[in-house]
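Read through the structure below, which is laid out as structure tokens, and then see the notes.
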Amino acid sequence: MARFDVNIVVIGDASCGKSCLLQRLLTNRFVADSERTWGTEFGAKRIAVVLPDGSQRRVSIGVWDTSGYPRFHLTSTRFLAGAHAILACWDATSRRSWDSLRAWVVEAREQEPAAQVFLAACKSDLVERPQQAQRGHGGSAAPPAEGLPGTGSGSPAQSLGVSVEVEHWPSLSRLQQEEEEQEPQQQVQQQQQDERQAAAKAAAERGGGRGRAAVDQYSASTGASVLWTSARTGEGVLECFQTIAQEVLQRRWAQQQQAQQQPQPRQLQPARPQLPPLSGMLVPAAALLLGGPLLAAAVAKAALGDCFHLELHRGRLYVQAGVPSTGPPLSPGAVEVRPTGVPALGNGAFAAQRIPAGTYLGDYTGELLDRPAFFARYPNGVGDFTAAVDDEWAIDAVRPVGDTATFHPVHLNHSRGRANVRRHYARAARRISFFATRDVQPGEELLYDYGRAYWRGREQMELP
Ligand SMILES: C[S@@+](CC[C@H](N)C(=O)[O-])C[C@H]1O[C@@H](n2cnc3c(N)ncnc32)[C@H](O)[C@@H]1O
């Protein structure tokens with residue numbers, strides 16, 4: 001799983017309203033006939049949260065909308081590993097959907113015991129909703145009264161100290177397409193919606209939905225908050241995800257406080273970073289002293305060959321030593337993307353077979369963003385899955401990160417001291433390539449040093 005501050009996986013029966021919930025969160029629109037979710041969809045949003053100590057933090061939430069179809073069951077549950085929160089949804093108008101909620105919750109807890117579980121009633125505009133706005137285990141978090149800009153619904157934003165800053169979503173093309181298609185169909189859709197609403201209300205009255213008492217009882221027995229949502233009206237949707245982010249961060253904050261009060265275990269000394277061979281560096285250093293930079297560069301190139309690069313780009317001279325620009329390709333299946341077992345890291349890339357030193361692991365591919373596009377998407381300058389090519393261009397790999405079946409360099413975690421991978425930059429070509437710097441044994445994680453700039457402003461998050 002990709003690493004966001006709060007990773008949320010949405011589970012529940014097919015057609016219970018999960019995709020509409022995610023679309024409402026990301027686009028503030030209701031797409032009545034949203035496509036079935038084949039596999040898993042993904043979206044992300046940045047929100048600012050106030051911690052219990054009063055400090056403010058900007059956090060990103062990543063939301064994985066899994067398929068509820070039985071044939072995708074395995075894929076869906078695979079995404080649970082590394083989740084901080086699991087949102088188990090049911091269709092508030094459907095008895096069957098409610099009845100299978102327990103099985104989803106049991107499975108979620110088995111797969112990712114560390115995750116906090118929340119229950120979401122979808123389509124709650126079609127049933128009688130709870131009145132009060134209590135939050136917490138054993139209670140239901142109903143939307144409070146006054147709205148947050150853009151939601152058109154009630155919001156606990158002030159009391160929670162949460163505000164939305166920016167959002168982005170990878171399924172952009174699909175959503176744009178839906179937007180284009182929506183206009184001419186609007187009247188028909190409205191009619192269909194009215195009909196569906198009337199039918200669902202009738203079903204709920206016949207006992208299709210679950211009574212409040214049963215919901216509260218289950219919530220109390222599982223310790224999972226209930227969040228009432230309607231993707232159609234927008235009510236409770238943003239609040240649902242705000243509640244989750246807030247509760248996850250509150251728990252994390254409490255755990256950190258507790259850990260600080262306990263004696264710290266002895267820290268392992270990280271290994272020294274890998275440098276180019278000393279002999280290769282001594283000769284150019286002597287040449288620099290004796291003949292100046294040109295001679296030093298010529299000598300370095302002669303000594304290091306494909307492991308020494310000079311690039312004059314946009315008025316700057318870039319020097320790289322110790323990493324090749326070409327190498328034998330990775331054998332198919334040689335890298336496996338899977339949970340690291342460390343919640344703060346999420347997934348990582350592990351050698352499934354021996355990877356010889358010098359192997360070319362792949363390029364950092366994704367959406368190319370220029371400076372304005374980058375800051376429009378990430379106003380605070382932090383993109384967890386972006387790699388800067390130079391001071392104008394960045395590559396955003398937010399899409400491939402959700403695909404753990406195929407290795408992409410975005411899956412590589414950072415280590416300053418244990419790095420066994422390095423990047424080669426060809427800036428003019430807007431290319432960043434990754435190479436193994438030593439033999440990597442089966443089971444070893446592939447790691448590279450993201451560089452100090454990546455951690456600036458969030459140094460406390462960096463693991464060695
Ligand atoms: C490019 S992703 C790496 C792959 C990611 N772990 C995943 O699940 O797909 C970068 C994110 O991983 C996490 N991460 C990677 N290495 C880390 C480290 N050494 N310490 C803390 N967080 C790390 C951070 O959240 C970072 O923003």
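All ligand and atom numbering here is 1-based and tracks the order in the structure.
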Check: Taking the six-membered ring for Trp, is the centroid-to-centroid distance between Tyr448 and Phe434 below 6.0 Å?
Finding: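 Yes - the distance between ring centres of Tyr448 and Phe434 falls below the 6.0 Å cut-off.
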Check: Is a salt bridge present between Asp65 and Lys18, judged by a nitrogen-to-oxygen distance below 4.0 Å?
Finding: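 Not counted as a salt bridge, because no side-chain N and carboxylate O are separated by less than 4.0 Å.
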[X] heavy atoms, cut-off 4.0 Å: which ligand 1 atoms fall inside?
{"X": "Asp384", "answer": "1 (C), 10 (C), 27 (O)"}
{"X": "Glu462", "answer": "20 (N)"}
{"X": "Met461", "answer": "20 (N), 21 (C)"}
{"X": "Phe385", "answer": "1 (C), 2 (S)"}
{"X": "Val401", "answer": "9 (O)"}

Side chain, backbone, both or neither: which part of [X] has a heavy atom under 4.0 Å from ligand 1?
{"X": "Tyr364", "answer": "neither"}
{"X": "Leu345", "answer": "both"}
{"X": "Tyr448", "answer": "neither"}
{"X": "His414", "answer": "both"}
{"X": "Leu463", "answer": "both"}

Checklist line | Spacing of Ile244 atom CD1 and Ile86 atom CD1 [to the nearest 0.5 Å] | finding: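 The CD1 atom of Ile86 is 10.5 Å from CD1 of Ile244, to the nearest 0.5 Å.
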Next item on the list: Output the distance between atom CD1 (Ile355) and atom CZ (Phe435), rounded to the nearest 0.5 Å.
Entry: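 Output value for this atom pair is 13.5 Å.
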Notebook entry, point to check: Honestly, is Arg423 close enough over Tyr364, meaning NZ or CZ under 6.0 Å from the six-membered ring centre and within 45° of the axis?
Noted result: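 No - Arg423 does not lie over the ring of Tyr364 by the 6.0 Å and 45° rule.
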Margin query: Has Asp396 got a side-chain atom pairing as donor or acceptor with Glu367's backbone, closer than 3.5 angstrom?
Written below: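 Flag not set: sc Asp396 to bb Glu367 has no pair under 3.5 Å.
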Notebook entry, point to check: Do Asp439 side-chain atoms and Pro356 backbone N/O form a donor-acceptor pair below 3.5 Å?
Noted result: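 No.
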Margin query: Yes or no: does Leu412 have any heavy atom under 4.0 Å from an atom of ligand 1?
Written below: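 In this structure, Leu412 qualifies as a contact of ligand 1 - some heavy atom is under 4.0 Å.
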Margin query: Counting only heavy atoms, tell me which of Asn413, Leu447, Asn7 gets closest to atom 15 (C) of ligand 1.
Written below: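 Looking at heavy atoms only, Asn413 sits closest to atom 15 (C) of ligand 1.
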Notebook entry, point to check: Going by atom types only, do Trp90 and Asp99 share a side-chain donor-acceptor pair under 3.5 Å?
Noted result: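 On atom types as modelled, these side chains do not qualify, holding no pair under 3.5 Å.
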Check: So, Thr365 versus His408: side-chain donor-acceptor pair below 3.5 Å or not?
Finding: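 Looking only at side-chain atoms, His408 and Thr365 do form a donor-acceptor pair, the distance falling under 3.5 Å.
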Note to self: If you measure every N or O of His411 against every N or O of ligand 1, does any of those distances drop under 3.5 Å?
What the structure shows: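 Between His411 and ligand 1 (N or O atoms, distance only) the closest approach is not under 3.5 Å.
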